[in-house]
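First the structure, in the form of structure tokens, and then the observations on it.
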Number of protein chains: 2
Amino acid sequence: MSADSTRTKILAAASELFLEGGLAALSVRAIAKRASMSTIGIYSQFEGKQGVLDALYIEGFEMVAKAMEQTGEGLTPKQRVISSCEAYLDVAENFNAHYRLIFGAADDTYSPSPEAHNVAASAFKGLLMLTAETMPDDTAQDDIRARAIEVWAALHGYVGLRQHQVSSEADIDNWRELALATIDKLLAG
Amino acid sequence: MSADSTRTKILAAASELFLEGGLAALSVRAIAKRASMSTIGIYSQFEGKQGVLDALYIEGFEMVAKAMEQTGEGLTPKQRVISSCEAYLDVAENFNAHYRLIFGAADDTYSPSPEAHNVAASAFKGLLMLTAETMPDDTAQDDIRARAIEVWAALHGYVGLRQHQVSSEADIDNWRELALATIDKLLAG
DNA sequence: TATAGTCTATAACACTGTTATATTTGGTGT
DNA sequence: ACACCAAATATAACAGTGTTATAGACTATA
């Protein structure tokens with residue numbers, strides 16, 4: 001078997017386990033078992049668990065970046081941002097384990113590689129360009145950046161609160177709506 | 001030695017280790033060693049690591065709740081909210097490990113107890129009351145709640161992005177300022 | 001003082017990530 | 001086709017984790 005297909009098989013196994021049971025289910029031995037290979041294989045193809053987590057990190061951030069790159073035809077700039085935000089919320093919901101790996105980082109044993117960091121930066125750049133179009137052409141770069149961070153912070157904040165369920169009386173289906181309303185308000189300001 | 005002082009000694013040791021090295025440094029054996037007792041002592045006084053984490057969770061959320069209960073004399077309602085938000089950002093910065101335990105939850109092995117959940121709910125209630133005073137008296141409860149969630153989401157989002165450092169060109173000292181500006185904008189809307 | 005009961009200490013179990021030591025495999029050069 | 005070398009593999013082990021069973025010491029009551 002080629003080295004490349006071995007890598008993809010490991011990643012597929014890891015991604016499956018990750019979606020099923022989150023980070024707790026993602027042990028090196030479990031990945032190897034599901035990929036029908038020996039434990040040490042993970043260390044041959046990747047640099048141990050770090051490498052696998054890095055691949056999942058990149059996988060997750062690429063989905064986020066993709067959400068930010070949505071090019072809706074015939075939509076106003078503001079509508080395009082809103083549409084991207086909806087896609088962002090979808091990713092956070094459907095790939096919760098990935099999202100928590102990306103932003104949680106509660107596991108001190110893992111820190112993303114430079115390559116992973118690049119994917120993260122490019123995702124932010126996508127939002128930056130989307131945001132720029134909703135503002136006057138002569139807007140200062142710092143102001144655009146502040147607006148983009150503002151939007152992302154609101155999105156991320158809603159996702160985080162939803163995961164936490166800080167208010168037990170919360171109406172779950174309402175969160176999406178609230179988040180998008182806030183984004184709309186921020187874009188208008 | 002009384003059982004109560006044993007508990008406090010364990011909690012002090014755990015809190016120290018937690019601040020020093022985060023969740024990774026918080027092993028049952030390390031806690032026991034620093035508290036000068038046997039490993040099994042953690043299981044006598046608490047229900048294992050779950051119990052210790054729960055205590056730290058409550059410790060952290062009580063700090064957040066305290067920030068939300070700030071009663072600034074001679075300040076307008078809006079100024080009081082801003083002031084509480086500053087206190088919130090301070091807690092998130094100075095007790096980062098606690099904050100990540102509260103909101104990160106990437107470690108699937110721990111889930112907060114009902115008591116811990118109550119402390120969380122009371123913290124939210126604090127923000128809810130602060131927020132209510134910034135709005136007209138006849139504002140619907142749902143709208144107040146939405147506004148409070150909006151503020152908390154923005155705060156939490158900025159903290160999360162700052163921890164993540166999603167934009168490498170970020171000017172750290174600027175984050176606080178940006179966050180407070182967003183809050184101000186949201187309260188005005 | 002004797003005894004009951006709780007707390008504690010030692011060691012073990014099943015798991016984690018990682019690595020050293022063989023062993024087998026695959027491809028290349030003659 | 002045979003020999004050789006390099007790379008991937010398998011087995012087992014090491015140090016660490018949370019947790020628990022068994023045996024010991026200590027306190028407090030009868």
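A note on names: the letters A, B, ... follow the listed sequences, proteins ahead of strands, and every chain is numbered from 1. This is a predicted model, so every value here is computed, not measured.
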Rounded interatomic separation in angstrom, taking [atom1] from [X] and [atom2] from [N]:
X	N	atom1	atom2	answer
B/L23	D/dG18	CG	C1'	13 Å
A/I42	D/dT11	CD1	P	15 Å
A/M37	D/dA7	CE	C1'	14 Å
A/K9	D/dT9	NZ	P	10 Å
A/Y43	D/dA10	OH	C1'	15 Å
A/I40	C/dA22	CD1	P	15 Å
A/L17	C/dG17	CG	P	11 Å
A/R7	D/dA8	CZ	C1'	15 Å

task: Specify the residue among B/E47 and A/S38 whose closest nucleotide of DNA chain D lies further upstream toward the 5′ end.
output: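 First, find each residue's nearest nucleotide; the 5'-ward one identifies A/S38.
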query: Is there a side-chain contact (heavy atoms from CB on, under 4.5 Å) between B/I10 and B/M37 once you walk through the steps?
result: CA-CA 9 Å; B/I10 292 175; B/M37 58 171 47; 3.8 Å; yes
message: According to ring-ring contact (aromatic ring centres under 6.0 Å, His included), does anything in residues 13-43 of chain A pair up with another residue at least two apart or in another chain? List the pairs.
response: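 Found A/F18-A/H98.
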Would you tabulate the nitrogen or oxygen pairs shorter than 3.5 Å linking the protein to nucleotides 13-16 of chain C?
from	atom 1	to	atom 2	distance (Å)
C/dT16	OP1	A/S27	OG	3.3

query: Between B/E150 and A/T182, is any side-chain donor less than 3.5 angstrom from a side-chain acceptor?
result: yes
query: Hey, would you say the A/F124 and A/H156 ring centroids sit under 6.0 Å apart?
result: no
- request: Measure the acute angle between the ring planes of A/Y88 and A/Y99, then classify it against the limits of 30° and 60° as parallel, tilted or perpendicular.
  value: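 The arrangement is perpendicular - the two ring planes meet at more than 60°.
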task: Please step through side-chain contact (heavy atoms from CB on, under 4.5 Å) for the pair B/F103 and B/V159, ending with a clear verdict.
output: CA-CA 10 Å; B/F103 280 113; B/V159 172; over 6 Å; no
